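Report on one structure; see the data block that follows.
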Amino acid sequence: MIREITENDFDGLMKLYAQLGDNPIPQKSEEVLGVWNKILQNKDYHIIVADVDGAVVSTCTCVIIPNLTHNQRPYAVVENVVTDENYRGKGYATECLNFAKEIAIKNNCYKLMLMTGSKKETTLNFYRNAGYTDKTKTAFDQRV
């Protein structure tokens, strides 16, 4: 089942996020739970999960950004795409990305943006097959 997170999904999501590169699972501190609650209360912040028998096995984040250009249509940023290594290749991430696209359409977004740190051709082809292109924009980031 593809759905948005609930407050009960914290532990499963953190275990999944640990598979996102070098990303240790944070302790349930007041600060971490404060961020978690802020996300849960933000109507423009969507964490989408694939739930298999109560286990969170895939996820992506879709954030809707208000915008003053493009006839004041917002855009969406997709981040933190990861599938548990035991569930890869079964279509769960694609379903999560499709759910994110539905959210973007529902919110009248004019585009979705996604960046990846991966240089693996299989990962890049996965995003291309999901409808994303690397031909229209050049992405940069700056770590602060």
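Model, not experiment: these values are computed from the prediction.
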- Return each pair, listed once, that meets side-chain hydrogen bond (donor to acceptor under 3.5 Å, both in side chains) where at least one residue sits in residues 50-60; pairs must be two or more places apart or across chains. Arg3-Asp51, Ser58-Thr83
Are [Y] and [X] connected in a single hydrophobic cluster, I mean Ile/Leu/Val/Met/Phe/Trp/Tyr linked by side-chain heavy atoms less than 4.5 Å apart?
X      : Y      : value
Met113 : Phe126 : no
Val78  : Ile105 : no
Leu16  : Val49  : yes
Val32  : Leu13  : yes
Ile47  : Val77  : yes

If you look at every heavy atom in [X] and [Y], which pair is closest and at what distance?
X     : Y     : result
Ile5  : Asp9  : CA-OD2, 3.4 Å
Thr6  : Leu40 : C-CD2, 4.3 Å
Ile25 : Ala18 : CG1-CB, 3.5 Å
Val81 : Leu20 : O-CD2, 3.8 Å
Cys62 : Ala76 : SG-CB, 3.9 Å
Glu95 : Ile2  : OE1-CG1, 3.3 Å

- Kindly check if the number of other-residue, nucleotide or ligand heavy atoms within 6.0 Å of CD (Glu121) is above 12? yes
- Message: Counting only heavy atoms not in Lys111 (residues, nucleotides, ligands), do more than 12 fall under 6.0 Å from its NZ?
- Response: yes
- Note on the structure: For Asp134, the salt bridge (Lys or Arg N to Asp or Glu O under 4.0 Å) test, sequence neighbours excluded, returns Arg128
- Message: So, using salt bridge (Lys or Arg N to Asp or Glu O under 4.0 Å) as the criterion, who are the partners of Arg88 when residues are at least two apart?
- Response: none
List for me each residue that meets side-chain contact (heavy atoms from CB on, under 4.5 Å) alongside [X], sequence neighbours excluded, and say none if there are none.
X      : result
Gln72  : none
Asn107 : Ile64, Ile103, Cys109
Thr123 : Thr116, Ser118, Lys120, Tyr127
Asp11  : Lys28

Are the side chains of [Y] and [X] in contact, using a 4.5 Å heavy-atom criterion?
X      : Y      : value
Ile65  : Pro74  : no
Thr136 : Thr133 : yes
Lys101 : Leu112 : yes

- Task: Test Leu114 against Leu97 for side chain to side chain contact (heavy atoms under 4.5 Å, CB included), laying out the working first.
- Result: CA-CA 10 Å; Leu114 180 149; Leu97 290 174; 4.2 Å; yes
- Query: Restricting to pairs with a member in residues 63-114, which pass ring pair (Phe, Tyr, Trp, His ring centres under 6.0 Å), not counting sequence neighbours?
  - Reply: His70-Tyr110
- Answer with yes or no whether the side chains of Asn125 and Thr122 bring together a donor and an acceptor at under 3.5 Å. no
- Query: For Phe10, what residues pass the ring-ring contact (aromatic ring centres under 6.0 Å, His included) criterion, not counting sequence neighbours?
  - Reply: Trp36
- Query: Out of curiosity, Asn80 CG to Ile48 CD1, how far, rounded to the nearest 0.5 Å?
  - Reply: 11.5 Å
- Item | salt bridge (Lys or Arg N to Asp or Glu O under 4.0 Å): pairs with one or both residues in residues 54-79, sequence neighbours excluded | none
- Message: Taking salt bridge (Lys or Arg N to Asp or Glu O under 4.0 Å) as the cut-off, I'd like each qualifying pair that reaches into residues 135-144, sequence neighbours left out, listed once.
- Response: Asp141-Arg143
- Item | By side chain to side chain donor-acceptor pair (under 3.5 Å) - contacts of Asn86 (at least two apart) | Asp84
